[in-house]
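One structure is given here, and the rest of the page talks about it.
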Amino acid sequence: MKFNIKNSFINQLPADSKTENSRRQVKEACYSFVSPKKTSHPKLIHVSPEVLEILGLTAEDANTEEFLNIFTGNKILENTKPYAMCYGGHQFGHWAGQLGDGRAINLFEVEHNNTNWKLQLKGAGETPYSRSADGLAVLRSSIREYLCSEAMHHLGIPTTRALSLALTGDQVLRDKLYDGNPEYEKGAIVCRVSQSFLRFGNFEIFSARQDFKTLKTLVDYTINTHYSFLGKPSKDVYLKFFNEVANRSLDMVIHWQRVGFVHGVMNTDNMSILGQTIDYGPYGWLEGYEPGWTPNTTDAQHKRYRYGAQVDVVHWNLFQLANALYPLVNEAEGFEAILGNFGEQKIVRYKAMMRSKLGLQLKDEKDSFLIQELEDCLQLTETDFTIFFRLLADFDAEKHSEGFQLISEAFYTPKTITEDIKTRWNLWFLSYAERLKRETISAKARKEYMNSINPKYVLRNYMAQLAIDDANKDDYNVIHELFNLLKQPYTEQPEHEKWFAKRPEWARHKVGCSMLSCSS
């Protein structure tokens with residue numbers, strides 16, 4: 001097993017001068033060197049063939065003892081120096097100061113096919129940024145991250161990837177719901193892969209400390225490494241860089257809205273500088289269409305990170321990044337223009353996304369009303385988001401009166417549907433039918449288009465929980481099944497039809513299926 005090792009991050013950015021692994025405020029440094037904690041009885045559960053390939057590895061490599069030891073923290077490759085990054089962040093709207101990689105350790109960089117990848121272990125032990133935590137991860141959260149990051153990639157959503165999922169053989173104490181009842185759980189490690197794990201918070205920490213020298217060094221490195229097409233770092237290029245990050249972040253969150261994904265903890269330290277989905281914690285997928293839903297127990301009261309607010313939260317987070325980058329430009333106008341444009345584009349992009357979900361390729365001034373009325377109808381009774389849009393592809397504009405029956409399988413409680421609700425739906429289907437008649441593509445082409453936009457299969461929380469429950473009994477078959485299912489989320493896959501189903505009633509209030517904590 002051979003890696004083409006690179007060390008650009010640690011060679012070009014300042015390191016923490018202290019080397020002991022103690023909790024502390026790390027100043028004027030982008031990272032601290034730290035070694036993973038050795039694991040007692042590591043065991044690989046699953047490896048992603050695709051991620052192996054992009055790293056230049058083979059299935060044979062993944063079966064070696066060396067692979068197991070490297071990606072469970074028991075071996076450090078020669079000429080590599082594992083490290084944890086320093087960053088800050090706004091958590092739930094409030095500045096939290098220094099945060100950093102508290103349970104993630106970056107192993108090394110690999111270059112393959114002219115692409116540089118950073119490999120990071122999540123759950124590999126304490127770092128100077130762990131604060132009072134142990135830096136470890138448990139099996140349930142590791143399964144959720146491993147499956148979801150790969151599932152998101154196949155949905156066409158920018159995301160970090162996952163190479164491997166492994167048990168450590170160690171027990172980890174966790175208070176699953178923060179209710180004062182900790183229990184021991186199986187420890188696990190995920191190897192995450194991305195071209196960068198830099199977050200908005202990496203830049204915020206230096207600006208907050210008025211360490212503008214390190215801020216400039218980090219921004220210049222980021223531009224030269226990941227945004228070199230913008231030109232050499234300068235005031236003008238700093239603004240172009242911010243604009244590019246804003247565009248990528250908008251693209252990412254509009255994709256989230258398209259498939260009904262709710263991140264759950266969109267703090268600025270969980271916002272990737274590459275516009276990728278990062279940090280799969282208390283995420284969830286819409287079951288019934290509910291704009292006010294958040295899967296995060298910590299967010300249950302204020303619902304800051306609810307589904308319907310995600311685009312606005314990205315906008316708010318970009319304001320914080322603009323404030324962090326401002327000292328390099330010292331002029332507000334450029335940032336204000338970019339943020340103002342984001343405010344306009346988020347409305348335009350959301351409407352375009354919803355239009356695509358409805359199979360509409362032409363623009364019409366009245367589409368806003370059609371979309372709004374649909375969103376209102378979806379909330380009249382609990383209506384499954386994924387199933388509704390998938391069934392809608394079969395709608396026949398010539399038979400609009402059959403629309404309500406067509407999507408009836410998406411309703412969770414059919415007995416609660418009144419005549420008034422049915423009338424509202426029938427009126428919407430009539431409007432939709434009239435709108436479709438102004439389109440130029442055939443019904444068959446529209447169905448194919450809609451089925452490429454609206455997935456049939458997503459990683460619903462109850463599905464992940466079934467995999468977790470079995471894995472806790474040393475049965476990993478559901479993990480394998482879901483991993484393969486979610487590689488083709490837009491394909492019919494009749495052999496997997498059982499997963500195209502509403503959330504079971506037993507999962508409505510079950511821990512891990514409805515609400516999750518940040519320890520998830």
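For reference, positions follow the sequence shown, starting with 1.
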#### Entry: For Ser196, all residues meeting side-chain hydrogen bond (donor to acceptor under 3.5 Å, both in side chains), sequence neighbours excluded
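Applying side-chain hydrogen bond (donor to acceptor under 3.5 Å, both in side chains) to Ser196 gives none.
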For residues [X] and [Y], report the shortest heavy-atom separation together with the two atoms involved.
X	Y	answer
Val190	Tyr146	CG2-CB, 4.3 Å
Leu99	Gly89	CD1-N, 3.7 Å
Phe385	Gln257	CZ-O, 3.6 Å
Phe71	Cys191	CD2-SG, 3.6 Å
Phe261	Cys148	CE1-SG, 4.1 Å
Leu459	Met463	CD1-CB, 4.4 Å

Would you give the length of the straight line joining atom [atom1] of [X] to atom [atom2] of [Y], rounded to the nearest 0.5 angstrom?
X	Y	atom1	atom2	result
Thr159	Gln276	OG1	CD	7.0 Å
Asp269	Asn202	CG	CG	9.5 Å
Leu107	Ile70	CG	CD1	8.5 Å
Asp470	Asp475	CG	CG	4.5 Å
Phe9	Glu109	CZ	CD	8.5 Å
Glu78	Phe108	CD	CZ	13.0 Å

Do NZ/NE/NH1/NH2 and the carboxylate oxygens of [X] and [Y] come within less than 4.0 Å?
X	Y	result
Glu204	Arg209	no
Asp279	Arg192	yes
Asp251	Arg349	yes
Arg503	Glu382	yes
Lys75	Glu65	no
Lys186	Asp474	yes
Glu126	Arg103	no
Glu492	Lys456	yes
Arg304	Asp312	no

Do other residues, nucleotides or ligands put more than 12 heavy atoms under 6.0 Å from the [atom1] atom of [X]?
X	atom1	result
His480	NE2	yes
Gln171	CD	yes
Gln301	CD	no
Glu53	CD	no
Glu409	CD	no
Lys346	NZ	yes
Lys37	NZ	no

### Message
What I'd like to find out is whether the side chain of Val262 reaches to under 4.5 Å of the side chain of Arg306, using heavy atoms alone.
### Response
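A side-chain contact under 4.5 Å is absent here.
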### Query
Is there side-chain contact between Leu55 and Leu163, with at least one heavy-atom pair below 4.5 Å?
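Yes, at least one pair of side-chain atoms sits under 4.5 Å.
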Short question: side chain of [X], backbone of [Y] - any donor-acceptor pair under 3.5 Å?
X	Y	value
Thr225	Thr222	no
Glu290	Leu286	no
Asn106	Tyr83	yes
Asn74	Thr39	yes
Arg508	Trp506	no
Tyr31	Ile10	yes
Glu111	Ile5	no
Asn317	Met266	yes
Gln98	Val26	yes
Ser141	Val138	yes

### Task
Indicate the ring-plane relationship of His315 and Phe342, choosing parallel, tilted or perpendicular according to the 30° and 60° boundaries.
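Correct class here is tilted.
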### Task
Using only heavy-atom distances, determine whether the side chains of Thr214 and Asp211 contain a donor-acceptor pair under 3.5 Å.
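Asp211 and Thr214 do have a side-chain donor-acceptor pair below 3.5 Å.
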### Task
Taking atom types as modelled, find out whether Thr160 and Tyr280 have a side-chain donor-acceptor pair closer than 3.5 angstrom.
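Per modelled atom types, Thr160 and Tyr280 side chains form no pair under 3.5 Å.
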Is the NZ or CZ atom of [X] both under 6.0 Å from the centre of the six-membered ring of [Y] and within 45° of that ring's axis?
X	Y	value
Arg144	Tyr283	yes
Arg460	Trp499	no
Lys118	Phe197	no

Measure centre to centre between the rings of [X] and [Y], then say whether the value is under 6.0 Å.
X	Y	value
Tyr476	His46	no
Phe92	His302	no
Tyr227	Phe241	yes

### Task
List the steps, then state whether side-chain contact (heavy atoms from CB on, under 4.5 Å) holds for Tyr305 with His263.
CA-CA 8 Å; Tyr305 298 142; His263 186 279; over 6 Å; no
### Message
Between Cys30 and Phe206, does the side-chain contact (heavy atoms from CB on, under 4.5 Å) criterion hold? Intermediate values first, please.
### Response
CA-CA 9 Å; Cys30 292; Phe206 299 119; 4.0 Å; yes
### Query
Going through the distances and angles, do Thr115 and Ile54 end up as a side-chain contact (heavy atoms from CB on, under 4.5 Å)?
CA-CA 9 Å; Thr115 303; Ile54 66 174; over 6 Å; no
#### Entry: CA sep, side-chain torsions, deciding dist, call: Ser272, Phe200, side-chain contact (heavy atoms from CB on, under 4.5 Å)
CA-CA 6 Å; Ser272 161; Phe200 289 13; over 6 Å; no
### The single option from Thr64, Thr58, Asn63 passing side chain to side chain donor-acceptor pair (under 3.5 Å) against Asp61
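Of all the options given, the one that passes is Thr58.
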